[in-house]
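Before any comments, here is the structure.
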Number of protein chains: 2
Amino acid sequence: MNNQHTMNSAVNGIKMVNQSADREEAAATKTVRRTRTGRRPGDSRTREDIAVAARELFAERGYAGTTIRAIAARARVDGALIHHFYTDKAGVFAAAVSDIVPLSNGVAEVVAEAGDELPAELLRLYLDLWESDAGDAVKAIYRSSLADPTASGLLRDTSSDKLNATLAQAIDDPEADLRAAIVGAMLFGLAASRHMLGLRPLANAKLDAVIDIMAPALAAVINPEQTADEPAKK
Amino acid sequence: MNNQHTMNSAVNGIKMVNQSADREEAAATKTVRRTRTGRRPGDSRTREDIAVAARELFAERGYAGTTIRAIAARARVDGALIHHFYTDKAGVFAAAVSDIVPLSNGVAEVVAEAGDELPAELLRLYLDLWESDAGDAVKAIYRSSLADPTASGLLRDTSSDKLNATLAQAIDDPEADLRAAIVGAMLFGLAASRHMLGLRPLANAKLDAVIDIMAPALAAVINPEQTADEPAKK
DNA sequence: GATCTAAGTCATCAAAAGATGAGTTCTCCT
DNA sequence: AGGAGAACTCATCTTTTGATGACTTAGATC
């Protein structure tokens with residue numbers, strides 16, 4: 001009886017975001033009693049555990065949506081330890097994201113070697129990246145950049161700018177830069193729809209099927225030839 | 001001397017996100033003294049003001065990054081009023097986002113009418129949407145869907161599914177659904193890079209230049225013909 | 001094996017954010 | 001005119017969250 005406005009139909013779920021996985025703190029008290037205070041025996045992998053947990057959470061929920069406590073819970077660690085290692089929330093983010101193998105290396109190689117197959121090879125390289133171990137870091141960067149404009153700087157440093165510059169060399173056109181940027185946008189849209197938004201026909205399609213369809217589209221941007229009009233012959 | 005870990009170089013800025021525009025509360029006390037308590041004289045547009053402010057902020061900062069207090073400040077309103085009207089933060093989000101004219105209508109029209117010009121018309125329709133008044137709402141949806149997975153449902157309802165279904169009708173191919181999804185992904189990638197990530201050659205390029213380059217790419221996906229290999233004749 | 005340092009937890013703080021109830025001022029309806 | 005109810009603000013509560021300092025335990029080094 002207390003709902004004056006019934007418009008919040010499809011979005012109610014959004015308020016439950018935080019309760020979803022936050023019950024991981026439960027499983028702490030199992031059989032082993034409890035991690036007591038002081039340094040743990042054996043050699044410690046905690047620091048990396050934190051980075052991994054942070055990377056996953058930033059990838060799932062973005063920067064603002066990720067709390068230090070949630071990271072601590074997932075890494076099975078006290079929150080203070082995170083500050084001990086990484087100082088700041090920003091520090092954790094940097095750590096979670098900094099160890100990405102720069103995409104640009106691979107791109108340079110592909111641009112140099114793959115001739116006619118450049119579009120397909122580029123697609124494979126890019127999509128593989130999103131599905132690799134580095135995928136979480138990539139998602140984390142994009143998710144956070146999309147949510148927090150200030151993080152876009154990192155994005156540019158990490159992938160976009162270098163990728164574009166490298167790619168532009170392979171394009172023979174006065175508008176090479178713009179074309180390279182559009183190629184990047186197409187790749188990003190594809191990966192984001194598939195791996196972040198999870199839009200359906202795309203999210204569960206086979207990689208090769210996607211590449212087969214998409215490669216000619218990339219080729220049309222990379223090789224400006226009969227650009228004037230579309231073939232238009234059904 | 002207190003920085004044990006120097007890795008947080010490029011990301012420091014991220015911690016300043018919240019201080020950016022939050023100084024809007026200052027301009028409250030100007031010449032008119034102060035909005036005193038009780039209902040304001042004249043007819044009230046406050047409710048819509050709140051929706052507009054919320055839409056803008058959700059578009060800028062995503063769901064988690066937007067606070068009710070920030071909305072209240074921008075709408076020049078007490079925070080409690082927002083609860084009075086919309087109950088919840090989720091309610092505000094629903095309101096801010098619900099009044100979008102569904103994109104699918106326009107798409108159906110374009111698909112039906114534009115023949116050979118379908119790719120270009122589709123691009124224009126879609127990019128115009130992002131630059132129109134509804135652009136903030138679109139950005140808000142995407143930004144929040146990217147950050148909070150639970151909001152993706154709304155995304156599907158609002159644009160993606162219908163757009164794809166409509167578009168798939170125009171594609172004559174066994175993989176029409178997948179192709180339609182890829183077209184959607186390309187459009188999204190373009191708009192997101194341009195309007196959300198602000199990647200540079202794209203963000204300030206002229207609309208027509210972008211359309212000229214991108215249209216043949218869309219055509220390659222929509223019209224499956226010499227799909228087998230790329231032209232490959234440099 | 002004493003001691004130095006790093007790893008780890010605990011208790012706690014302060015600020016920010018979502019939420020609420022009560023009170024105030026206006027509009028509208030009869 | 002005189003309510004009734006809607007539009008508004010104030011003061012305040014409770015959680016959540018980022019952060020800190022003190023304390024405890026283990027590994028390493030001489």
Side-chain angles (χ1 to χ4, degrees), chain A residues 2 4-5 8 14-19 22 25 28-29 32-51 54 57-58 61-73 75-93, chain B residues 2 4-5 8 12 14-19 22-23 25 28-29 32-51 54 57 61-93:
Chain A
N2 48 359
Q4 320 160 273
H5 310 286
N8 35 355
I14 205 175
K15 77 175 62 162
M16 312 200 57
V17 171
N18 291 331
Q19 277 115 22
D22 279 356
E25 325 178 31
T29 335
V32 204
R33 179 92 187 301
R34 180 72 182 182
T35 32
R36 62 160 193 241
T37 186
R39 182 172 187 157
R40 299 173 185 176
D43 48 340
S44 157
R45 204 190 310 277
T46 322
R47 188 179 178 125
E48 301 113 59
D49 287 350
I50 293 176
L57 286 169
F58 284 130
R61 311 186 188 174
Y63 185 80
T66 299
T67 83
I68 290 209
R69 286 169 149 87
I71 298 174
R76 304 244 192 264
V77 150
D78 186 280
L81 190 60
I82 296 184
H83 285 100
H84 172 59
F85 279 136
Y86 300 110
T87 311
D88 247 348
K89 187 181 178 184
V92 192
F93 183 75
Chain B
N2 49 0
Q4 321 159 272
H5 313 283
N8 36 354
N12 273 344
I14 206 176
K15 76 174 62 161
M16 313 200 55
V17 171
N18 291 331
Q19 277 115 20
D22 279 356
R23 210 174 286 98
E25 327 179 27
T29 334
V32 205
R33 181 87 187 304
R34 179 71 181 184
T35 32
R36 63 161 192 237
T37 186
R39 182 174 190 154
R40 299 173 186 177
D43 49 340
S44 156
R45 203 189 312 276
T46 322
R47 188 180 179 125
E48 301 113 59
D49 286 351
I50 293 176
L57 286 169
R61 310 185 189 176
Y63 185 79
T66 299
T67 82
I68 290 209
R69 287 169 148 87
I71 299 174
R74 180 169 296 194
R76 304 244 193 263
V77 151
D78 187 278
L81 189 61
I82 296 184
H83 285 101
H84 172 61
F85 279 136
Y86 300 109
T87 310
D88 249 344
K89 188 181 177 183
V92 192
F93 181 75

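These numbers come from the heavy atoms of this one structure, side chains and all, not from hydrogens, waters or symmetry mates.
A search for side chain to side chain contact (heavy atoms under 4.5 Å, CB included) contacts involving A:L81 returns A:T46, A:I50, A:V77, A:H84, A:F85, not counting sequence neighbours.
Taking atom CD1 on B:I82 and atom P on D:dT9, their separation rounds to 10 Å, with Å as the unit. Atoms CZ (B:R45) and P (C:dC26) sit 19 Å apart, rounded to a whole Å. As a whole-Å value, the separation of B:I50 CD1 from D:dA7 C1' is 10 Å. Rounded to whole angstrom, the span from the CD1 atom of A:I71 across to the C1' atom of D:dT16 amounts to 15 Å.
Across all their heavy atoms, B:R61 and B:A70 have their closest contact at NH1-CB, 4.3 Å. Between A:A72 and A:I82, the closest heavy-atom pair is N-CD1, 3.6 Å.
Picking from D:dT20, C:dT25, C:dG18 the nucleotide with the shortest atom distance to the side chain of B:T67 gives C:dG18. Of all nucleotides listed (C:dC10, D:dG27, C:dA19), D:dG27 comes nearest to the side chain of A:P41. Here the nucleotide nearest the side chain of B:K89, chosen from C:dA19, D:dG21, D:dG18, is C:dA19. In this structure, of C:dT9, D:dC8, D:dA19, it is D:dC8 that holds the atom nearest to the side chain of B:T37.
Looking at B:Y86, its side chain never comes within 3.5 Å of a backbone N or O of B:F93 through a donor-acceptor pair. The closest donor-acceptor contact from the side chain of B:T66 to the backbone of B:L57 lies under 3.5 Å. Side chain of B:D88 to backbone of B:A90: no donor-acceptor contact under 3.5 angstrom is found.
Relative orientation of the A:Y63 and A:F58 rings is parallel, given thresholds of 30° and 60° on the angle between their planes.
Nearer the 5' end of DNA chain C, as judged by each residue's closest nucleotide, is the contact made by B:D78, out of B:D43 and B:D78.
For A:H83, a side-chain nitrogen or oxygen approaches OP1 or OP2 of D:dA19 to under 4.0 Å.
Across all strands, B:G79 comes closer than 4.0 Å to no nucleic acid atom at all (heavy-atom distances).
Between the side chain of A:R69 and the base of D:dG18, at least one donor-acceptor pair of N or O atoms lies under 3.5 Å.
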For nucleotides 1-7 of chain C, give me every protein contact, N/O to N/O, under 3.5 Å, one pair per line with atom names.
| unit_1 | atom_1 | unit_2 | atom_2 | d |
| --- | --- | --- | --- | --- |
| C:dA6 | N3 | A:R39 | NH1 | 3.3 |

